[in-house]
Amino acid sequence: MKISTRGRYAIRVMIDLAEHGFGEYIPLTDIAKRQDISEKYLEAIVASLVKAGLLVGLRGKKGGYRLTRQPEEYTLYDILKITEGSFAPVACLDTEVNTCERAATCKTLDIWKDFEKLIERYFKNISLDSLVGDNDCYDYVI
């Protein structure tokens, strides 16, 4: 699995809001400047985070975006699931039902399933809060 720019930028936006938001609406322009990311590109990312309920937006002079929960209530899994979709390491695990004609006899299928679970568990154990401020570490032990 390779995390896209969209996924990495979404995490940066969420960290920025956790660091600077304090319950206030933060203009996208401010986030884009601090993160050195195109505002236009961030608009699409933020729209998907709003649609998923991770952020709320407000239009107007005092508008912007803010988190809908406390930073410790978000995990990287929450964010990346929206931007990346599947964590499946192989195509046959991308859908709910495995339609691969070899699934019943595949000797490596369990390896890929376990690897997918490992990736999910890893990201579910890293909270947004653990990445805020001067924290250089997080709570997950490999």
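Note that the coordinates shown come from a computational prediction; the quantities given were computed from them, not determined experimentally.
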Write down the atom of Leu42, the atom of Ala32, and the distance for their closest heavy-atom approach. CD1-CA, 3.7 Å
Answer yes if the ring centres of Tyr77 and Phe87 are under 6.0 angstrom apart, and no otherwise. yes
Taking every heavy atom of Pro89 against every heavy atom of Glu116, the minimum-distance pair comes out as CD-CB, 3.7 Å
Listed by chain and number, what are the side-chain contact (heavy atoms from CB on, under 4.5 Å) partners of Cys92, not counting sequence neighbours? Val90, Asn98, Cys100, Leu109
From OG (Ser130) to CG (Leu76), nearest 0.5 Å: 7.0 Å
CG on Leu131 to CD on Glu19, rounded to 0.5 Å: 9.5 Å
Under the side-chain contact (heavy atoms from CB on, under 4.5 Å) test, which residues partner Thr95, sequence neighbours left out? none
Looking only at side chains, do Arg8 and Thr83 share a donor and an acceptor under 3.5 Å apart? no
Smallest heavy-atom separation, Met14 atom then Ile79 atom, equals CG-CD1, 3.7 Å
Interatomic spacing from CG in Leu93 to NZ in Lys117 - rounded to 0.5 Å: 10.0 Å
Give a yes or no answer on whether the side chain of Asp78 reaches the backbone of Thr75 with a donor-acceptor pair at less than 3.5 Å. yes
Can Phe123 and Lys81 be said to form a side-chain contact (heavy atoms from CB on, under 4.5 Å), step by step? CA-CA 10 Å; Phe123 287 124; Lys81 187 69 176 167; over 6 Å; no
The reported gap from CD1 in Ile45 to CG in Leu28 (rounded to nearest 0.5 angstrom) is 9.5 Å
By the salt bridge (Lys or Arg N to Asp or Glu O under 4.0 Å) test, which pairs, at least two apart or in different chains, include something from residues 97-108? none
Give me each pair satisfying salt bridge (Lys or Arg N to Asp or Glu O under 4.0 Å) with a member in residues 24-34, each pair once, sequence neighbours excluded. Asp16-Arg34
Do side-chain atoms of Thr108 reach the backbone of Ile111 as a donor and acceptor pair under 3.5 angstrom? no
Point-to-point distance, once rounded to the nearest 0.5 Å, from CD1 of Ile126 to CD1 of Ile11: 8.5 Å
Can you give me the closest heavy-atom contact between Ala44 and Arg6, atom names plus distance? O-NH2, 3.5 Å
To the closest 0.5 Å, what do you measure between CZ (Arg12) and CG (Asp36)? 7.5 Å
If you compare all heavy atoms of Ala18 against all heavy atoms of Leu128, which two are closest, and at what distance to 0.1 Å? CB-CD2, 4.1 Å
Residue pairs fulfilling ring-ring contact (aromatic ring centres under 6.0 Å, His included) with at least one residue in residues 94-118, sequence neighbours excluded: none
Check Ile82 against Ser48 and note the closest heavy-atom contact, atom names and distance. CG2-O, 3.8 Å
Enumerate, atom names and distances included, each donor-acceptor pair closer than 3.5 Å involving a side-chain atom of residues 56-70, sequence neighbours excluded.
{"residue": "Arg66", "atom": "NE", "partner": "Tyr25", "partner atom": "OH", "Å": "3.4"}
{"residue": "Thr68", "atom": "OG1", "partner": "Gly53", "partner atom": "O", "Å": "2.8"}
{"residue": "Thr68", "atom": "OG1", "partner": "Leu54", "partner atom": "O", "Å": "3.3"}
{"residue": "Thr68", "atom": "OG1", "partner": "Tyr74", "partner atom": "OH", "Å": "3.1"}

Counting only N and O atoms by type, is there a donor-acceptor contact under 3.5 Å from the side chain of Glu84 to the main-chain atoms of Gly7? yes
